[in-house]
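Structure first, commentary second.
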Amino acid sequence: MENITTAKEFRKFKSFDYYKNEKETYYLLPFRFHQINKETEVIVNEVGDFILVPVGTAGRIARKEVKWEEDVYADLVANFFISEKPIPDLIDVLATRYRTKKSFLDEFTALHIFVISLRCNHSCHYCQVSRVSEKRDEFDMSLENLKAGIHHMFSTPSTSITMEFQGGEPLLAFDKVKFGIEYALKINERYSKNISFVICTNATVFSEEILQFCLQYNVIISTSLDGPEFLHNANRPKTGTKSYELVIDGIKKAREVLGADKVSALMTTTSLSLDYPIEIINNYIENGFNSIFLRPISPYGFALKNKQKNTYHTKKYLEFYKKGLEYIIELNKNGQFLVEDYTTIVLKKILTPFPVGYVDLQSPAGMINNVVVFNYDGRVYATDESRMLAENNDFTFQLGHVNDTYQSLFYGKKAKYFSKFWANETLAGCADCGLQVYCGADPVFHYASQGDLEGFRPTSDFCIKNMEIIRHIFDLIDKDGKNVLPIFNSWVNNRPLN
């Protein structure tokens with residue numbers, strides 16, 4: 001049946017004479033559904049295949065009221081929503097596709113974050129960690145802890161690994177960054193893993209030495225840009241100067257030496273940002289970026305202390321996101337290639353058979369399975385966000401210390417306990433959600449925001465945000481698929497329409 005693609009071909013293959021002599025019934029395969037708008041609902045199977053159908057169709061399918069002569073019948077069979085046998089002939093194909101969706105688990109931890117220093121030269125009001133002044137090098141990671149973390153990194157089964165340096169401002173401890181990269185490459189002579197390096201920096205302390213080193217070792221630069229000058233300076237103040245001028249100058253310097261493809265930027269949506277989605281997007285275009293992540297603020301650490309600037313209702317963020325996404329889509333329709341990163345992550349889960357590397361939308365969750373954090377003091381955490389909780393003396397997600405064994409860190413009691421909460425397939429409110437396969441679990445977020453690793457989905461900002469974003473994307477496909485699907489596919493493939 002693999003060559004049968006339309007209802008007409010299906011009816012020709014299964015003649016009417018065949019059906020009038022058979023009991024007109026079928027078997028249900030696992031699927032979920034969610035109403036998209038007043039007229040349309042989406043039905044979704046276990047591997048993320050979807051069909052947009054009139055409201056009420058899911059009920060008709062469940063009651064076995066769908067007839068073989070209806071156009072949707074062939075789609076339901078071909079896409080594993082129903083079967084004409086108790087076990088479909090192509091069940092192995094479905095199993096293979098499910099394994100593909102979960103293949104991010106095959107090689108275990110890939111991203112290893114090293115918090116190389118807490119020193120910083122900025123005083124961003126949404127900073128999630130306890131930064132310290134530039135001269136306090138006692139808050140730098142020791143060489144002993146750095147080496148121990150690197151050895152743990154090479155103990156992962158993953159054949160491809162990323163070593164990411166964070167802070168504070170990691171380049172204030174460039175000697176440690178330099179040592180870490182060179183030591184990792186030396187160790188890799190034995191392991192032969194595919195290794196990449198990322199430095200998360202505010203881009204204000206570049207020197208020729210630093211940039212030439214990054215060029216030599218193919219280092220990727222990730223920086224922060226919150227939008228126009230008035231916004232960036234307000235969100236990311238730096239004593240005695242305007243931080244916007246410094247970051248733009250740093251981006252230009254890094255691009256000149258490393259190339260534009262090695263420099264990316266990330267924005268954070270504060271309360272001040274909510275009124276300026278268009279201005280923020282235009283600023284990214286003006287500064288030569290072809291992607292933007294309309295990222296909400298995170299409810300962790302010291303970012304919560306300034307509630308006036310950093311706390312807002314999820315509904316306000318969703319209005320900001322939708323207005324920004326609408327503008328970005330229009331730009332693409334008019335020939336400007338610009339990608340909204342979070343939308344693209346969701347689209348990869350909707351439109352492709354492959355998993356995504358974004359830990360927040362993984363199930364089982366990316367904590368430990370995909371990312372681990374080695375803090376400056378040698379403590380090891382399940383995620384970057386969980387070490388931020390530790391800055392407020394909450395060590396719930398501390399796995400141990402770099403001097404502990406790999407087995408005790410990655411397969412110990414803490415890891416086993418977290419595993420009870422990291423698969424949304426087993427969580428109340430997620431297990432029967434129609435959009436479950438496109439979402440994640442994120443126990444750290446729910447612990448931080450609701451005091452519970454499982455969380456309460458009806459009041460979860462994680463669920464409110466993601467369910468509405470996913471619903472909105474389907475609504476756009478339903479109402480304007482002819483125009484938006486080519487754009488969405490260009491984002492997934494990271495290629496302009498033309």
Side-chain angles (χ1 to χ4, degrees), residues 108-120 127-133 136-156 158 161-170 172-173 175-177 179-181 183-184 187 198-200 298-304 359 365-419 421-422 442-448 451 453:
F108 206 42
T109 318
L111 175 59
H112 298 78
I113 296 174
F114 290 78
V115 182
I116 214 71
S117 176
L118 287 190
R119 290 189 285 154
C120 192
C127 184
Q128 297 163 352
V129 295
S130 179
R131 59 191 176 271
V132 298
S133 61
R136 299 188 65 182
D137 58 6
E138 68 267 27
F139 288 91
D140 293 356
M141 181 179 278
S142 69
L143 292 182
E144 291 74 18
N145 287 339
L146 180 53
K147 288 193 285 186
I150 290 171
H151 283 287
H152 281 309
M153 178 174 70
F154 281 100
S155 296
T156 180
S158 182
I161 56 177
T162 298
M163 186 179 190
E164 181 174 300
F165 297 93
Q166 290 192 17
E169 171 48 58
L172 292 176
D175 58 325
K176 302 291 175 62
V177 173
F179 177 87
I181 290 176
Y183 188 76
I187 299 299
V198 178
I199 298 176
C200 298
S298 300
Y300 303 106
F302 287 81
L304 296 177
V359 297
M367 57 189 298
I368 306 175
N369 292 307
N370 199 18
V371 61
V372 69
V373 178
F374 303 105
N375 205 18
Y376 76 97
D377 56 6
R379 292 171 175 172
V380 183
Y381 294 97
T383 65
D384 192 28
E385 292 78 11
S386 56
R387 65 108 177 177
M388 297 168 185
L389 291 173
E391 296 293 342
N392 282 332
N393 296 313
D394 187 335
F395 301 99
T396 300
F397 296 96
Q398 182 182 317
L399 301 176
H401 193 273
V402 287
N403 291 332
D404 297 331
T405 66
Y406 182 87
Q407 185 73 21
S408 67
L409 289 172
F410 290 82
Y411 299 99
K413 291 182 180 179
K414 279 277 185 89
K416 290 177 181 178
Y417 176 71
F418 298 149
S419 70
F421 309 98
W422 65 22
D442 205 342
V444 181
F445 181 97
H446 287 101
Y447 175 83
L453 275 77

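We count residues from 1, following the sequence as given. Everything numeric here is computed off the predicted structure, so don't read it as measured data.
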> Would you say Ser117 and Lys176 make side-chain contact, with heavy atoms under 4.5 Å?
Replying inline: no
>> Holding to side-chain contact (heavy atoms from CB on, under 4.5 Å), I want the full list of residues that pass it with Val359, two or more places apart in sequence or in another chain.
In response: Gln362, Asn370, Val371
> For the atom pair CZ (Phe165) and CE (Met141), what is the distance rounded to the nearest 0.5 Å?
Replying inline: 9.0 Å
> Just how far is it from atom OG of Ser419 to atom CD1 of Ile368, taken to the nearest 0.5 Å?
Replying inline: 8.5 Å
>> Per the ring-ring contact (aromatic ring centres under 6.0 Å, His included) rule, what does the pair list look like for residues 372-393, sequence neighbours excluded?
In response: Phe114-Phe374, Phe139-Tyr376
> Just how far is it from atom CG of Leu409 to atom NZ of Lys414, taken to the nearest 0.5 Å?
Replying inline: 11.0 Å
> With Thr109, which residues qualify under side-chain contact (heavy atoms from CB on, under 4.5 Å), at least two apart?
Replying inline: His112, Thr156, Val372, Phe410
>> Looking at every non-hydrogen atom in both residues, tell me the closest pair between Ala382 and Ser386 and how far apart they are.
In response: N-OG, 3.5 Å
> For residues 367-383, which residue pairs qualify under salt bridge (Lys or Arg N to Asp or Glu O under 4.0 Å), counting only residues two or more places apart or in two chains?
Replying inline: Asp377-Arg379
> Does Ser142 have any side chain to side chain donor-acceptor pair (under 3.5 Å) partners at least two apart in sequence or in another chain, and if so, which?
Replying inline: Asn145
> How would you list, by chain and number, every residue that makes a side chain to side chain donor-acceptor pair (under 3.5 Å) with Ser408, sequence neighbours excluded?
Replying inline: Thr405
Could you list the donor-acceptor pairs under 3.5 angstrom formed between side-chain atoms of residues 146-153 and any protein atom two or more places apart in sequence or on another chain?
unit_1, atom_1, unit_2, atom_2, d
His151, NE2, Tyr183, OH, 2.8
His152, NE2, Val402, O, 2.8
His152, NE2, Asp404, O, 3.1

>> Within the structure provided, determine whether Leu399 and Phe418 are in side-chain contact (heavy-atom separation under 4.5 Å).
In response: yes
> What are the two closest non-hydrogen atoms of Gly167 and Arg387, and how far apart are they?
Replying inline: O-NH2, 3.1 Å
> Roughly how far apart are Leu143 CG and Asp175 CG, rounded to 0.5 Å?
Replying inline: 7.5 Å
> Under the side chain to side chain contact (heavy atoms under 4.5 Å, CB included) criterion, do Ile199 and Val177 qualify, and how do the steps go?
Replying inline: CA-CA 9 Å; Ile199 298 176; Val177 173; 3.8 Å; yes
>> Apply side chain to side chain contact (heavy atoms under 4.5 Å, CB included) to residues Ile116 and Gln166 and explain how you reach the verdict.
In response: CA-CA 6 Å; Ile116 214 71; Gln166 290 192 17; over 6 Å; no
> Under 6.0 Å between ring centres, would you say that holds for Tyr447 and Phe397?
Replying inline: yes
>> Within the 4.5 Å heavy-atom criterion, are Arg119 and Asp140 side-chain neighbours or not?
In response: yes
>> What's the separation between atom CG in Asn375 and atom CE in Met388, rounded to the nearest 0.5 Å?
In response: 10.0 Å
> With sequence neighbours excluded, what pairs up with Ala365 under the side-chain contact (heavy atoms from CB on, under 4.5 Å) test?
Replying inline: Met367, Trp422, Pro443
> Closest heavy-atom contact between Asp442 and His446?
Replying inline: O-ND1, 3.1 Å
> Is the ring centre of Tyr411 less than 6.0 Å from the ring centre of Phe108?
Replying inline: yes
>> As a quick check of understanding, evaluate side chain to side chain contact (heavy atoms under 4.5 Å, CB included) for Phe445 and Thr383, giving each step before the final call.
In response: CA-CA 10 Å; Phe445 181 97; Thr383 65; over 6 Å; no
>> Quick one, Thr162 and Val198 - any side-chain contact, counting heavy atoms below 4.5 Å?
In response: yes
